[in-house]
Protein chains: 4
Amino acid sequence: MQKNTTPCYYGDYLQLDKVLTAQAPESARYGVEAHDETLFIIVHQVYELWFKQILHELKAVMAVFAGAEVKDEQLTGIVHKLKRIISIQQLLNQQIAVLETMTPQDFMAFRDYLVPASGFQSIQFKMLEIGLGLKSEYRIDFDKNSFYSRLNQPDREFLQALEQEPSLFERVEKWLERMPFLQFNDFSFWQMYQQATNTMLARDKAIVEQIEQIAEHERDMQLNEIGRTYEKFAALLDESKYQALQQQGTFRLSQKAMLSALFINLYQEEPMFNLPFQLLTCLTEVDEQLTIWRYKHAMMVQRMLGSKIGTGGSSGHDYLKRTTEKNRIFTDLFSMATFLLPKSALPALPSAIKRQLGFYFSPQA
Amino acid sequence: MQKNTTPCYYGDYLQLDKVLTAQAPESARYGVEAHDETLFIIVHQVYELWFKQILHELKAVMAVFAGAEVKDEQLTGIVHKLKRIISIQQLLNQQIAVLETMTPQDFMAFRDYLVPASGFQSIQFKMLEIGLGLKSEYRIDFDKNSFYSRLNQPDREFLQALEQEPSLFERVEKWLERMPFLQFNDFSFWQMYQQATNTMLARDKAIVEQIEQIAEHERDMQLNEIGRTYEKFAALLDESKYQALQQQGTFRLSQKAMLSALFINLYQEEPMFNLPFQLLTCLTEVDEQLTIWRYKHAMMVQRMLGSKIGTGGSSGHDYLKRTTEKNRIFTDLFSMATFLLPKSALPALPSAIKRQLGFYFSPQA
Amino acid sequence: MQKNTTPCYYGDYLQLDKVLTAQAPESARYGVEAHDETLFIIVHQVYELWFKQILHELKAVMAVFAGAEVKDEQLTGIVHKLKRIISIQQLLNQQIAVLETMTPQDFMAFRDYLVPASGFQSIQFKMLEIGLGLKSEYRIDFDKNSFYSRLNQPDREFLQALEQEPSLFERVEKWLERMPFLQFNDFSFWQMYQQATNTMLARDKAIVEQIEQIAEHERDMQLNEIGRTYEKFAALLDESKYQALQQQGTFRLSQKAMLSALFINLYQEEPMFNLPFQLLTCLTEVDEQLTIWRYKHAMMVQRMLGSKIGTGGSSGHDYLKRTTEKNRIFTDLFSMATFLLPKSALPALPSAIKRQLGFYFSPQA
Amino acid sequence: MQKNTTPCYYGDYLQLDKVLTAQAPESARYGVEAHDETLFIIVHQVYELWFKQILHELKAVMAVFAGAEVKDEQLTGIVHKLKRIISIQQLLNQQIAVLETMTPQDFMAFRDYLVPASGFQSIQFKMLEIGLGLKSEYRIDFDKNSFYSRLNQPDREFLQALEQEPSLFERVEKWLERMPFLQFNDFSFWQMYQQATNTMLARDKAIVEQIEQIAEHERDMQLNEIGRTYEKFAALLDESKYQALQQQGTFRLSQKAMLSALFINLYQEEPMFNLPFQLLTCLTEVDEQLTIWRYKHAMMVQRMLGSKIGTGGSSGHDYLKRTTEKNRIFTDLFSMATFLLPKSALPALPSAIKRQLGFYFSPQA
């Protein structure tokens, strides 16, 4: 690394001549400048800068997964980058408080000038959603039908092309499917697992049947739910049943990927699973943070507009509320607890396998 | 204030002998102590301590509102106490991250011992909800029917009695109704307001009709919504129409209270409205923080249990999700933006009235 | 407000073509691009955008104070803007966690390319410090002597000119001095105040003399401190003594301004003081947030560089640590507690004066 | 795990009869109850509950380190528990905002009743400090001399005994010393490291000598600093020199432990170092969070008391400020950056060694 030849100047390095001259309130063009429009612009520019950073990390993560094989030392980097994304998302969630310092009345002083612009038109945000795995087929109808109509042609075509690329969800799914931990010649792990889970579900059933302080219709509701959980367990190891539930949207991950993810969760303390488990946990948190952001954002929009329509011509608040339910990505990981067992009920790993999950070098050796 | 006679000792003052000996993990009674059960206990004890503090503030606020008249200097204290409640709520929301350091597997090591105990049985939390104004009739069905069945008799009777007491919602409603700003002899404020809002709605309608990049069914959806908003505006000043919408749950506040709240929002910068406006804003934030807590809590429960049933014998996660939608209190204030006007469109207050909203002492005088 | 003629497009409105193309890692110019340099650039660009927003609010606040008289309704706006600044500062403090996701080793991959650029060269940050009132004479030596040498001529001249402008500190000082609450014809407030404070200090002295569990040298240390506090109280009402302490840097505010600030603090619950008290509290918090930011920033730099020198050629960490002590602005307000009295010991205001501090309109009337 | 026989009730499980009846304001005993004293009590009780939780985690971590050997799977648990401690510390830092909702005037309404009680008397906090490794010899004088004098005899003796126990710092030091990575037969790592670092320091020196915009005295200051850094590097591999610097307090860790920690930092991406590196990072953050808490706490005390003395009879604010500088524990890890190299300058590990740092099982095999 040779020394920098030309001295570097802070303002030039950050290109502040561009960044700090990019705030042009519309209100100033049409009448009196609205004091708060600058806040509105800067808040959104900051969002876009963070989105660019998240996409920068996401791209690096995808590049590794695109490779034929993910080396252990590469996992360290992937987890590190995902943790950075999460830390940025936490900041984005806190940032909403800053925009909430704008009163609805102050917003009204310039909102009409923005029509029909709207956050729906943030290309980077859509790149992020699509990149993570939220492609059209998984979106709520509004997104499916009307979203693209709001974009100009180049933006629309760019995103539609992107929908053809493999997403992080798909990359991780393939990586999980490649995991070699599913069949261990003679070790009948999955049978033992099934016995243990049956016991567990039977107890849950007993609990609901025994509880006294509970209305009948409610008891039934819960017994039905346990019934559904039985089905899920049964489907885990039955290819056709699994695919049936996958069709209904109960599972999104493929069966093989789901089983790998489950195994990693069950034996998360084995050294070799430390990084894979961190990776799966990070993906869950990325999804959770995104959903919390949608929710807080929906609340903020309701405070700002009440039941008025958004500048993008949609009922912003209701739209956003609906996305918090439906626009999720790693729900299989998020609900993994359904299939877990307490450590005490875990089948012990045969020492040969346990050895395989440890480090080559062992201090005691 | 005379000097303390007996010297005060930190540990005695805080009664740590009681507080720090109140953690008895059930798992230790039935088998091996589960390391994380202590976290589970302490997290909930901390919640209860904060609930006690919030109730302490709430009680002081209610006492003032119970008086025949709320003096201006008392408003300072009320707003101060509500801001403290909000600051505690923000902490409660952040606290969820601590419980999330418990993995589902670690939770499984002791959850069965807790059956059928559950957070539903937190008397203080229910006192808080009822005190704010979330009485049975406003709760989701589960709460209505099954909630009380989970309590022992003394707790049940205590809360049922509390439901008969006036809530903060009702106290504030009465206070708003007493506000003397609704009829100013000759100043025809509300007519002017209506004209201004009609113009505004007409423009919104025009926007939706003009927007090109939008599916027809969506345009209709939004025109209907504007229609509903028209109705709301029409109802604002028509007693019978208002009561009709109130029946349907569109409004919860009485018409008089709603109009006062609206007037305060519209002229929030008048000195005399500074504290009342802060008060209304605080109530909105108390409600918002409570809802965000419910939402994050629901997410956490899903991560912890998946689709398993909660120790209270309910589908914790779905139940909690539903409460975030329905169990709201100050929604009228939260959606106030529907009825606001930009400052530029506000009818100017006659100087006589403006004078009334200022301070007695004026430097310029 | 007439309808927007040309339709507004999100990306154009935010000028994303400029904002999102302003990241050019130096490492890419000299060799392999360092992955984390993009984070480094974006973090600093976001800081600059927030600084611009803070300066936008500060400018609006200053404009009001520059006027001959600050109307009560204007105070609402000033407090609102200061609260927004604080909310942005809280975000800036949390943002440090994002940069901390960069390991020292990752920083080393590009730091040499940045020499001699450094945060010292952030013009906006210096505008903020100077605007608030942190002019050269109040800075630590490093800032005094070497800071300007790091800037190019236009930047240097711009800031040196700015140092001649009145700062927020000076504006607020003048505003406090204009306050008409210092002499009330016959009401001998300050004598009563002095008696009350003497009693209080005497008790403090007694406490220190009585405490048993305390080393002698420590008891002396504290008695000296109480002695100094006595002096301060004595100086409060003695112009020449006050100026002497002001020379020594014990006080920065003028005596008149200090007394007004104290009076507002003592009677903060009087309606007329609600906004002035909020204003003073906000100024304290702006100062506190700035200091916490400096402190966290210093810690982060130590983690990043250890005892290496910063790219600006300074021992970043030590420098920053020192600024947290010395570069404060509203310390008089921050230490106001020294001069407060418990409500119970407050001289009651004569009803005539109390009336003056209330609203013109009184419901009971 | 057999089913719970007696049904568990929320309030009994949490022993709320004890926890929620432990708030007895002193002000109520001596006169009118001060509204805010309840907040003061509850805030401190919550602190103590969290301290108990942190000590619970710390104890479990220490137990593992006390063992003859730390298994890889045990490291997962240690890191997990340290991360939980950090997450609790972050909450404690945010909690200060709640206490800051108490005005100095409100505090004055009861502070005299608390004399001479003070936070110095929190046994659990001292247990935490001592447990982490902050024993008397490392404390600021005030703590050394006067701290114990404030405790009753049983508390004093308990803590003095604790000072004899091994601390986390000592446990980790021993664990690092046991690391087998320091001498690799023929691989002359440390020579290569020394060459690389000499080059790096030479460049730093060159930078300082070349920079133009810098005052001479400042240039000298920095050259001296680089000189000191040279010494540190020289000492790293020279036992006697190292011990000399250790005497002066430049290093606290033993030379062997320091070198292990450095090696782990340099090759943090090797799978086998993933958990050890996380562990060292966690210790740094525990220390950082503790220091930030001390700092914010010091600010809060200044706002609350100004230059008045604390109830414990000390100048709370100054005392606390000093502790943020001196009462640190893992400073060697915190300043590790001093000794790092950019990846590009790192000696490549011989494949034999690299193999040793990987997993036994390799997918490609």
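A, B, ... follow the sequence lines: proteins, then strands. Residue 1 opens every chain.
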Practice task
Let me know if A:Leu346 has heavy atoms under 4.5 Å from chain B in its side chain, its backbone, both or neither.
Solution key: side chain
Problem - Name of the residue among B:Met300, B:Glu100, B:Gln302 meeting side-chain contact (heavy atoms from CB on, under 4.5 Å) with A:Glu288 - result: B:Glu100
Problem - Main-chain N/O of A:Leu266 paired to B:Gln105 side chain as donor or acceptor, under 3.5 Å - result: yes
Exercise for the section: Nearest 0.5 Å please: distance from the CG atom of A:Asp112 over to the CZ atom of B:Arg203. Expected result: 4.0 Å
Exercise for the section: Give the minimum heavy-atom separation between A:Leu341 and B:Met108, together with the two atoms involved. Expected result: C-SD, 3.5 Å
Completion exercise
CG (B:Asp287) and CZ (A:Arg303) are apart, to the nearest 0.5 Å, by 10.0 Å
Exercise for the section: Could you tell me whether the side chain of B:Lys296 reaches within less than 4.5 Å of the side chain of A:Ile292, counting heavy atoms only? Expected result: yes
Fill in the blank from the handout: CG (A:Leu305) and CG (B:Leu340) are apart, to the nearest 0.5 Å, by 10.5 Å
Exercise for the section: Would you mind checking which part of A:Asp106 comes under 4.5 Å of any heavy atom in chain B, side chain (CB onward), backbone (N, CA, C, O), both or neither? Expected result: side chain
Practice task
Determine the minimum heavy-atom distance between A:Pro104 and B:Ala337, stating which atoms define it.
Solution key: CB-CB, 3.8 Å
